[in-house]
Structure formats: structure tokens, C-alpha cells
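Every number for a ligand or one of its atoms is a count from 1 in the order of the listing.
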Amino acid sequence: MMEKSSIDALRENLKEIEENISAACQRAGRKREEVTLMAVTKTVDVQRINEAISLGCGLIGENRVQEFLQKEPSLLPCRRHIIGHLQTNKVKQIAGRVDMIESVDSVRLAALISEESMKKGLVTDILVEVNIGNDENKSGIAPSQTQPVLREISVLQGVRVQGLMTIPPISEDKEAARKFFSRMRQLFIDIRDKKIDNINMSICSMGMSGDYDVAVEEGSTLVRIGSALFGARK
Ligand SMILES: *Cc1c(COP(=O)(O)O)cnc(C)c1O
């Protein structure tokens, strides 16, 4: 079977994703500019990532530090986030090399990122990952612990919290994710209203290929999309 050239397939997928995000914004009475699209590039080779960047994807997300650092020298200009579970022994290598670490799931990890950032004379933007479904198999801070954890992180000089990130429990039906997205948005707003010093609540990162339209309807400001853009991962 002849496959379409990868850039044509990418262009089509991107167009469809854009249309879906716009439609979801419209249904929710939101502006399209309120939602950032991230291309999730784990397992995707550099050439295809660069095609996506050249088509207008200005933000990429990688899960693994090693994989990211291998690709990084060849990437076209774009913003880069780490979105996967970060081992503490990888912090030294990644500090200063990314625009944001979205998957901060403990005070200890935040403290390490802060320490390594300060050694390099910089401040790293982070999101705190929330385990919104209290799912045993997922990392992230329990919803009830999120505010106390943020207060502890707020005193660290080398990190700046920009918001929250979540992955809801896996389900076949994207409507099942709606209540988790809605809970997450409420938590985000409650914390934002507390106006904690040094905690900026501007990003609510939620929604992936299977459920990003629902996430946008429920208030996501950043959707992380891999397979709907690049095709199924091997
Ligand atoms: C892989 C991954 C995504 C994207 O998943 P898709 O279902 O392929 O869109 C989003 N967020 C995180 C944290 C991921 O690991």
C-alpha cells in the first residue's frame, strides 16, 4: 500500500486537530488563543518533528530526558517541555535545557530542580502534576495535597510554578474523562484564587489525542497530542 508522504499526512492531521480545538472552544465560549497545542514527540524521529515544527507546531513535549537530549541538537527552533515522569538522577542533565518541566510530582523533585537551576543561575518554569483520579497507577500529587505542596514549592528560588498538569484515569470513553477535567479545572481555579506568593496559575495542561476536545470544553489551556498528529506509536 502506498503511504502518503509524511508531511502531507501531518498537514492533514494538524488541520483536523486545529478544527476540533476551534470547535470545542466555540462550544465552550472560549477564544482559540486560550488553548496551546503541544506536539508530543516521544518515539518520533527528528525529521518528522521538524516537519511538524515547520507546519507551525511551536511547542513540543518529550517524555524521556535521554531521548530529548539526543534529539535536541537537531531540532528547529521551538519551545520544549518535559512531560514524562522525571527521575531525580536526571535533573542535573535537564536543568537549563528545557522551557518547562510539566511533570513535577513531589516537593523533593521540585527542590532538586530548584537547586540545579540556581547553580546554573536560572529559574526553571514548572507545572505540578496532579493525580486527579486518585489513581494508584499514576504519579502526581493527590488533589487534597496540591495546595499544601504548592505552598512548600513556592519558597524555592530556582523554580517558578506556572500551573498544573494532569492525566486522568485511562478509559475507552472520552466522556468518562469529563468529570476529571472538570474537577481539575475547579482545583486550578480554587488555587488561583488563593493568590499564593510566587505561584502563577496560568497553565492547566490536560487533554491528549483521545479526549482533547472534552478537555478544551472543560477549560484546558494546553493539550498534549501525540498519536492523533504523528500516527500510532510502535
Ligand atoms: C504520550 C503522552 C501524551 C500524548 O498521548 P497521545 O494519546 O498519543 O496523544 C500526552 N501526555 C503525556 C504525559 C504523554 O506521556
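- When all heavy atoms of Glu67 and Thr43 are compared, the closest pair comes out as OE2-N, 2.7 Å.
- Heavy-atom contacts of Ile225 reach the following atoms of ligand 1: 9 (O) (cutoff under 4.0 Å).
- Just one residue in the list Arg183, Arg185, Arg178, Arg30 forms a salt bridge (charged side-chain N to carboxylate O under 4.0 Å, His left out) with Glu218, and that residue is Arg178.
- Of all atoms in ligand 1, numbered sequentially from 1 with element shown, those under 4.0 Å from a heavy atom of Ser227 are 6 (P), 7 (O), 8 (O), 9 (O).
- For atom 10 (C) of ligand 1, the nearest protein heavy atom (residue, atom name, distance) is Met208 SD, 3.1 Å.
- Nearest heavy atoms, Ile225 versus Met208: CG1-C, 4.4 Å.
- The two residues Arg97 and Glu72 come nearest to each other via the heavy atoms NH2-OE1, 2.7 Å.
- Both the backbone and the side chain of Ile83 come within 4.0 Å of ligand 1, counting heavy atoms alone.
- For the residue pair Asp105 and Ile141, the shortest heavy atom distance occurs at O-CD1, 3.2 Å.
- Annotation: atom 11 (N) of ligand 1 to nearest protein heavy atom, Arg224 NE, 2.9 Å.
- Ligand-side atoms of ligand 1 in range of Ser209: 6 (P), 7 (O), 8 (O), 9 (O), range being under 4.0 angstrom from any heavy atom.
- Distances shorter than 4.0 angstrom occur between a heavy atom of Arg233 and an atom of ligand 1.
- With respect to atom 14 (C) of ligand 1, the closest heavy atom belonging to the protein is Lys42 NZ, 2.9 Å.
- Heavy-atom proximity to Gly226, at under 4.0 Å, picks out these atoms of ligand 1: 4 (C), 6 (P), 8 (O), 9 (O).
- Within ligand 1, counting atoms from 1 as listed, the ones closer than 4.0 Å to a heavy atom of Ile167 are 13 (C).
- Heavy-atom minimum distance, Lys90 versus Val65: CB-CG2, 3.9 Å.
- You'll find the side chain of Ile82 reaches within 4.5 Å of the side chain of Ser103, heavy atoms only.
- Listed by number with element, the atoms of ligand 1 under 4.0 Å from a non-hydrogen atom of Asn63 are 14 (C), 15 (O).
- Contact annotation for Leu229 and ligand 1: no heavy atom of the residue comes within less than 4.0 Å of the ligand.
- Using a 4.5 Å heavy-atom threshold, the side chains of Thr36 and Arg79 count as touching.
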